[in-house]
Number of protein chains: 2
Amino acid sequence: MTRSRMRLANESWESILTAHAALMKRFAAEPIWDEVSMREYDVLYTLSKHEGPMRPFELGRGVLLSQPALSRLVERLVERGLVERTPDPEDGRGRRLGLTSAGREAQRAVGGRHAVDVAHALADVLTDEEMRQLGAIGRKLAGGKAPVQRSSEEAVL
Amino acid sequence: MTRSRMRLANESWESILTAHAALMKRFAAEPIWDEVSMREYDVLYTLSKHEGPMRPFELGRGVLLSQPALSRLVERLVERGLVERTPDPEDGRGRRLGLTSAGREAQRAVGGRHAVDVAHALADVLTDEEMRQLGAIGRKLAGGKAPVQRSSEEAVL
DNA sequence: TTAAGGTAGATGCAAACGCATCAACTTCGA
DNA sequence: TCGAAGTTGATGCGTTTGCATCTACCTTAA
């Protein structure tokens, strides 16, 4: 990889990190996170997008939390009646997570308001074409291949 | 705003959120965060980019942390000799933050290795043109205008 | 069949976080 | 000029997080 290409990659990553932080702060400041926090909403939203029950480790891939933190966050949501957690009949180790009707309702209520804020934050400064580009780039990055073994030093372990 | 434009904005935001989470997890898994954690590095990096000393509240804009959390994180970095914190002569409330030479060295060491990982994560799946687009979009989003008063309901408060 | 190794999720515990609040200082209008 | 309001950064405190570890279950191969 050329030096300039490496620099380009790092500059664009920094740019997106800065934008991410700025927008997250802006969204967090909105007065819509009373019933569920942003992180809790993230979990409810991910569950709502998923057909049928979801395994905790699948959920973990989409959420920026450690496995124990997610386990406990889910537990709190269960206690609050927003998420249902049952044993997985096909895998004795696993659990199946799903929204309760109260959880679905909470997700829809908060989600509706949040979507308006998101739409303003992006659509007010980006063209349709830019939003399409952003979506396409995001999908490429998220689906990007896993890191590879790079050094023989690690390979021997 | 049309419904389809609102949907486009939300889809692209979700796409970038997913990519952000996936990449952050990938970077976090790299074995380079022994001396400084990712959040600490974020602070060191932001300070390193800044000409001269920096005010904590400026630093806070770029870092996704609450003001008290940042205040304490900085305090830990000061105790570890990576950051220098002195009173601001021009504003009695303020502080001036700067990297010590050890802090600059730590930032460079970790930053060099991290930059390689970042470069691979992006450049392996994006074209130069896409990286340029991402950078431009990020800058537009980060510089985006502050949220406006939207409803008369809030305006009366 | 069974023991070794791998994976999913939960738990103990110290560290870190966010909210509310405070103290110190600056700014601004009367 | 002086008091009220705003801003900056720190601190008390309850909650949440991550790391290490544990249990339970699945998978694989001898």
Side-chain angles (χ1 to χ4, degrees), chain A residues 21 24-43 46-47 53-80 82-98 146 157, chain B residues 21 24-43 46-47 53-80 82-98 146 157:
Chain A
M24 288 300 279
K25 289 205 159 193
R26 177 167 160 188
F27 295 146
E30 296 289 338
I32 66 175
W33 309 109
D34 293 321
E35 356 177 26
V36 294
S37 72
M38 251 176 127
R39 275 204 251 253
E40 289 164 351
Y41 174 74
D42 194 6
V43 165
T46 306
L47 287 176
M54 200 170 182
R55 294 287 295 270
F57 78 96
E58 295 180 83
L59 188 55
R61 276 200 289 267
V63 176
L64 199 47
L65 274 179
S66 68
Q67 180 269 316
L70 178 58
S71 179
R72 282 191 247 250
L73 172 47
V74 166
E75 190 175 31
R76 291 192 293 272
L77 291 173
V78 169
E79 281 166 4
R80 283 163 54 189
L82 301 177
V83 167
E84 228 167 7
R85 179 176 47 182
T86 60
D88 187 325
E90 298 179 11
D91 187 336
R93 301 165 298 182
R95 303 300 188 117
R96 302 167 134 262
L97 305 177
L157 297 180
Chain B
M24 288 299 281
K25 288 204 161 193
R26 178 168 161 186
F27 296 147
E30 296 290 339
I32 65 174
W33 309 108
D34 293 321
E35 357 177 27
V36 294
S37 72
M38 252 177 126
R39 275 205 251 255
E40 288 164 351
Y41 173 74
D42 195 6
V43 166
T46 306
L47 286 176
M54 199 171 184
R55 295 287 295 270
F57 79 97
E58 296 180 83
L59 187 55
R61 275 201 289 269
V63 176
L64 199 47
L65 273 178
S66 68
Q67 179 269 316
L70 178 58
S71 179
R72 284 171 167 130
L73 172 46
V74 165
E75 190 176 30
R76 291 193 294 272
L77 292 173
V78 169
E79 280 165 6
R80 282 163 54 189
L82 301 177
V83 168
E84 226 167 9
R85 178 175 48 183
T86 60
D88 187 324
E90 298 179 11
D91 187 336
R93 301 165 300 182
R95 303 299 188 119
R96 301 168 135 265
L97 305 177
L157 297 179

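Atoms considered below: every heavy atom in the structure, side chains included; atoms not considered: hydrogens, waters and symmetry mates. Bear in mind the structure is a predicted one, so any value in this text is a computation, not a measurement. Within every chain, numbering begins at 1; the chains are lettered A, B, ... in the order of the sequence lines, protein sequences first and strands thereafter.
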Next item on the list: Send over the distance from B:Met24 CE to D:dG18 P, rounded to a whole Å.
Entry: 11 Å
Next item on the list: From the options A:Leu59, A:Asp42, A:Val43, select the one residue that forms a side chain to side chain contact (heavy atoms under 4.5 Å, CB included) with A:Leu73.
Entry: A:Val43
Next item on the list: Taking all non-hydrogen atoms of both residues into account, name the closest pair between B:Ala21 and A:Gly62 and its distance.
Entry: CB-O, 4.0 Å
Margin query: Tell me whether the side-chain N/O atoms of A:Arg76 come closer than 4.0 Å to OP1 or OP2 in D:dT17.
Written below: yes
Margin query: With a 4.5 Å cut-off on side-chain heavy atoms, are B:Glu40 and B:Arg80 touching?
Written below: yes
Note to self: Here's a test of your reading of the structure: between B:Pro68 and A:Ala69, which maps to the more 5' nucleotide of DNA chain C?
What the structure shows: A:Ala69
Next item on the list: In plain terms, say whether B:Asp88 and B:Arg96 are close enough for a salt bridge, that is, a side-chain N and a carboxylate O under 4.0 Å apart.
Entry: yes
Note to self: What is the separation between atom CH2 on B:Trp33 and atom P on D:dT17, rounded to the nearest whole Å?
What the structure shows: 21 Å
Notebook entry, point to check: In whole angstrom, what separates B:Asp34's CG from D:dC19's C1'?
Noted result: 13 Å
Next item on the list: Identify the 5'-most and 3'-most nucleotides of DNA chain C with at least one atom closer than 4.0 Å to a non-hydrogen atom of chain B.
Entry: C:dA16 to C:dT26
Note to self: By nearest heavy atom, map A:Pro89 and A:Glu40 onto DNA chain D; which one lands nearer the 5' end?
What the structure shows: A:Glu40
Margin query: Any base atoms under 4.0 Å from B:Leu65, or only sugar-phosphate, or nothing? Heavy atoms, all strands.
Written below: sugar-phosphate
Notebook entry, point to check: Does D:dA10 have OP1 or OP2 sitting under 4.0 Å from an N or O in the side chain of B:Ser71?
Noted result: yes
Checklist line | First encountered from the 5' end of DNA chain D, between B:Gln67 and A:Glu90 | finding: B:Gln67
Check: Which atom pair, heavy atoms only, marks the closest approach of B:Asp91 to B:Arg55?
Finding: OD2-NH2, 3.6 Å
Item checked: Between P of D:dT15 and CD of A:Glu75, the distance in whole Å -> 15 Å
Item checked: Touch class at under 4.0 angstrom, heavy-atom based, for A:Arg72 against every strand present -> base
Notebook entry, point to check: Looking only at heavy atoms, what is the nearest atom pair of A:Leu65 and A:Ala69, with distance?
Noted result: CD2-CB, 4.0 Å
Check: Side chain of A:Glu30, backbone of A:Phe27: donor and acceptor closer than 3.5 Å?
Finding: no
Notebook entry, point to check: When all nucleic acid strands are considered with a 4.0 Å heavy-atom cut-off, which category describes A:Asp88: base, sugar-phosphate, or nothing?
Noted result: nothing
